[in-house]
Colleague: 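Below is one structure. I have some questions about it.
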Amino acid sequence: MKITWIGHSCFRIEKDGYSVVIDPYEDGSVDGLAAVREDASAVLCTHEHSDHNFRDGVRIVPAASTPFTVDFIDTFHDDAKGAKRGPDRIYIISDGETRIAHLGDLGCWPDDISKLMDLDVLLVPVGGFFTIDGHDAAEIVRKLRPRIAVPMHYRSDEKGFGFDVLSTVDIFTSEFSRVLIPGKSTIDSADTYDADIVVLNPRNQLAAR
């Protein structure tokens with residue numbers, strides 16, 4: 001499976017001509033990122049906030065069949081059972097060989113993590129304020145032990161993207177010794193990495209401010 005970080009929490013996952021876009025953000029909703037304009041076979045949204053649910057940014061192109069199965073876990077966007085920010089849905093996408101989980105705007109540990117064990121790729125928010133922070137995200141990675149984890153939903157002052165209230169990715173990556181920054185937006189799940197954490201560049205990044 002090819003995994004592309006479009007930006008913020010938006011990813012594109014594709015195989016055999018079938019593609020899924022997760023959490024497209026509304027035009028202008030995330031500083032430093034170009035608008036989402038994707039052709040895909042399907043779109044998934046982890047919750048109904050404007051920086052995660054811009055379905056109009058994805059043109060659905062029908063495909064003959066899907067190589068994926070999609071499972072989910074319903075959880076919360078905060079640590080108060082959704083009282084502050086509502087629900088969050090974790091999606092688990094599998095092609096029968098590789099399993100990828102997108103945690104959305106996770107704000108707390110899900111009640112049941114059994115579906116999140118034996119993951120190949122974990123897409124995890126690390127910026128805090130609206131979600132778990134970098135330290136909590138690191139603890140989740142250590143507990144779940146995915147083959148690799150890819151951070152999302154954070155800010156970069158150097159590259160000029162993300163909400164000001166979010167923290168930078170280094171709070172998360174500082175808790176790991178094996179971190180890879182490949183300088184690209186796309187990875188292939190079939191590739192092997194001598195790292196626990198892979199930090200991608202957002203494909204939709206605008207020129208730094």
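In this text, all values refer to a predicted model and were calculated from it rather than measured experimentally.
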Colleague: So with a 6.0 Å cut-off around CG of Asp71, is the heavy-atom count from everything else above 12?
Modeller: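 Yes, because the 6.0 Å sphere around CG of Asp71 holds more than 12 heavy atoms from other groups.
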Colleague: Could you tell me which non-hydrogen atom of Val141 sits nearest to which non-hydrogen atom of Ala149, and how far apart they are?
Modeller: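 Closest approach of Val141 to Ala149, heavy atoms only: CG2-CB, 3.8 Å.
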Colleague: Taking the side chain as every heavy atom from C-beta outward, state whether Ile100 and Leu119 have any pair of such atoms under 4.5 Å apart.
Modeller: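 Side-chain contact under 4.5 Å: no.
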Colleague: Can you tell me how far apart CD1 (Ile90) and CG (Asp74) are? Round to the nearest 0.5 Å.
Modeller: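 Going from CD1 on Ile90 over to CG on Asp74, the span is 9.0 Å.
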Colleague: Can you classify the ring geometry of His52 versus His8 as parallel (below 30°), tilted (30 to 60°) or perpendicular (above 60°)?
Modeller: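 Correct class here is tilted.
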Colleague: Is any side-chain heavy atom of Asp23 less than 4.5 Å from a side-chain heavy atom of Phe11?
Modeller: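 Side-chain contact under 4.5 Å: no.
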Colleague: Quick one: are Leu33 and Leu206 in side-chain contact, heavy atoms under 4.5 Å?
Modeller: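 A side-chain contact under 4.5 Å is absent here.
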Colleague: Test of understanding: with side-chain hydrogen bond (donor to acceptor under 3.5 Å, both in side chains), list the residues that count as partners of Asp112, not counting sequence neighbours.
Modeller: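 So Asp112 forms a side-chain hydrogen bond (donor to acceptor under 3.5 Å, both in side chains) with Ser114.
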Colleague: Check for me, please, whether Leu123 and Ile171 land in the same ILVMFWY cluster - side-chain distances under 4.5 Å, paths through other members count.
Modeller: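 Hydrophobic grouping puts Leu123 apart from Ile171.
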Colleague: Stepwise, does the side chain to side chain contact (heavy atoms under 4.5 Å, CB included) test hold for Ile140 with Trp109?
Modeller: CA-CA 8 Å; Ile140 284 177; Trp109 275 95; 3.5 Å; yes
Colleague: Specify the closest pair of heavy atoms between Ile187 and Lys184, including all atoms of both residues, with the distance to one decimal.
Modeller: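 Ile187 and Lys184 have their closest heavy atoms at CG2-CE, 4.2 Å.
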Colleague: Does a side-chain heavy-atom distance below 4.5 Å link His135 with Glu175?
Modeller: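 They are in side-chain contact.
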Colleague: Compare all side-chain heavy atoms of Leu44 with those of Val20 and state whether any distance is below 4.5 angstrom.
Modeller: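 Touching, per the 4.5 Å side-chain cut-off.
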Colleague: Under 3.5 Å, which donor-acceptor pairs link side chains of residues 193-202 to any protein atom two or more places apart or in another chain?
Modeller:
residue : atom : partner : partner atom : Å
Asp194  : OD1  : Arg178  : NH1          : 2.5
Asp196  : OD1  : Arg178  : NH2          : 3.2
Asp196  : OD2  : Arg178  : NE           : 3.3
Asn201  : OD1  : Lys159  : NZ           : 2.3

Colleague: Taking atom types as modelled, is there a side-chain donor on Asp105 or Thr131 under 3.5 Å from an acceptor on the other?
Modeller: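 Side-chain D/A pair, Asp105 to Thr131: absent.
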Colleague: Identify, with sequence neighbours excluded, every residue that meets side chain to side chain contact (heavy atoms under 4.5 Å, CB included) alongside Ser94.
Modeller: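 Thr69, Arg99.
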Colleague: Roughly how far, to the nearest 0.5 Å, is the CD1 atom of Ile6 from the CG atom of Asn204?
Modeller: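 It is 6.0 Å, given to the nearest 0.5 Å.
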Colleague: Taking NZ, NE, NH1 and NH2 as the nitrogens, is one of them in Asp56 or Arg37 under 4.0 Å from a carboxylate oxygen of the other?
Modeller: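 Result for this pair is no, no salt bridge flagged.
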Colleague: Which pair of non-hydrogen atoms, one from Gly128 and one from Ser167, has the smallest distance, and what is that distance?
Modeller: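 For Gly128 versus Ser167, the nearest heavy atoms are N-OG, 4.5 Å.
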Colleague: Evaluate salt bridge (Lys or Arg N to Asp or Glu O under 4.0 Å) for Glu48 paired with Arg55, printing each intermediate quantity in order.
Modeller: CA-CA 10 Å; Glu48 296 301 327; Arg55 295 171 180 85; 2.6 Å; yes
Colleague: Check the pair Tyr18 / Asp95 against side-chain hydrogen bond (donor to acceptor under 3.5 Å, both in side chains), numbers first and verdict last.
Modeller: CA-CA 11 Å; Tyr18 191 97; Asp95 66 355; over 6 Å; no
Colleague: For Asp39, what residues pass the side chain to side chain contact (heavy atoms under 4.5 Å, CB included) criterion, not counting sequence neighbours?
Modeller: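 Arg59, Val61.
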Colleague: Excluding sequence neighbours, so at least two apart, what forms side-chain hydrogen bond (donor to acceptor under 3.5 Å, both in side chains) with His102?
Modeller: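 Partners of His102 under the side-chain hydrogen bond (donor to acceptor under 3.5 Å, both in side chains) test: none.
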Colleague: Using the rule side-chain contact (heavy atoms from CB on, under 4.5 Å), only one of Asp157, Thr173, Val126 pairs with Thr168; which is it?
Modeller: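 Among Asp157, Thr173, Val126, the one meeting side-chain contact (heavy atoms from CB on, under 4.5 Å) with Thr168 is Asp157.
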Colleague: Mind checking what makes salt bridge (charged side-chain N to carboxylate O under 4.0 Å, His left out) contact with Arg12, not counting sequence neighbours?
Modeller: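 With sequence neighbours excluded, Arg12 shows a salt bridge (charged side-chain N to carboxylate O under 4.0 Å, His left out) to Glu14, Glu38, given in chain and number order.
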Colleague: Could you grab the distance from atom OG1 of Thr46 to atom CG of Asp88, nearest 0.5 Å is fine?
Modeller: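 The distance works out to 5.0 Å.
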Colleague: Would you call Cys108 and Thr75 a side-chain contact if the rule is heavy atoms closer than 4.5 Å?
Modeller: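 Counting from C-beta outward, Cys108 and Thr75 do come under 4.5 Å.
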Colleague: Starting from Ile13, can I reach Phe54 by hopping between I/L/V/M/F/W/Y residues whose side chains sit under 4.5 Å apart?
Modeller: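 Phe54 and Ile13: separate clusters.
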Colleague: Identify the heavy atoms of Pro125 and Gly104 that sit nearest to each other, and give their distance.
Modeller: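 That closest heavy-atom pairing would be CG-O, 3.3 Å.
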Colleague: How long is the gap from CD1 on Ile93 to OG on Ser189, to the nearest 0.5 Å?
Modeller: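 Those atoms lie 11.5 Å apart.
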Colleague: Show your working on side chain to side chain contact (heavy atoms under 4.5 Å, CB included) between Lys143 and Ile113 and close with a plain yes or no.
Modeller: CA-CA 10 Å; Lys143 180 74 172 180; Ile113 64 170; 4.0 Å; yes
Colleague: For residues Tyr25 and Ala34, report the shortest heavy-atom separation together with the two atoms involved.
Modeller: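 Looking at all heavy atoms of both residues, the shortest contact is OH-O, 2.5 Å.
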Colleague: When you compare the side chain of His153 with that of Leu166, does any pair of heavy atoms fall below 4.5 Å?
Modeller: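 Yes, their side chains come closer than 4.5 Å.
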Colleague: Quick one: sort the Trp5 and Tyr154 rings into parallel, tilted or perpendicular, breaks at 30° and 60°.
Modeller: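 Tilted: the ring planes of Trp5 and Tyr154 meet at 30° to 60°.
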Colleague: Working to the nearest 0.5 angstrom, can you tell me the gap between Ile132 CD1 and Leu103 CG?
Modeller: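 Rounded to the nearest 0.5 Å, the CD1-CG separation comes out at 6.5 Å.
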Colleague: Return the OG1 to CD1 distance between Thr186 and Ile3, rounded to the nearest 0.5 Å.
Modeller: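 Answer for the OG1-CD1 pair, Thr186 versus Ile3, is 9.5 Å.
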Colleague: One pair to check against side chain to side chain contact (heavy atoms under 4.5 Å, CB included): Arg142 and Phe176. What are the steps and the verdict?
Modeller: CA-CA 10 Å; Arg142 286 191 288 265; Phe176 299 90; 4.3 Å; yes
Colleague: Within a strict 4.5 Å, meaning less than it, do heavy atoms of the Asp51 and Phe163 side chains meet?
Modeller: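 Of all side-chain heavy-atom pairs linking Phe163 with Asp51, at least one is under 4.5 Å.
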Colleague: Set out, in order, the CA-CA distance, both residues' side-chain angles and the distance that settles side chain to side chain contact (heavy atoms under 4.5 Å, CB included) for Ser156 and Gln205, then state yes or no.
Modeller: CA-CA 11 Å; Ser156 172; Gln205 176 188 327; over 6 Å; no
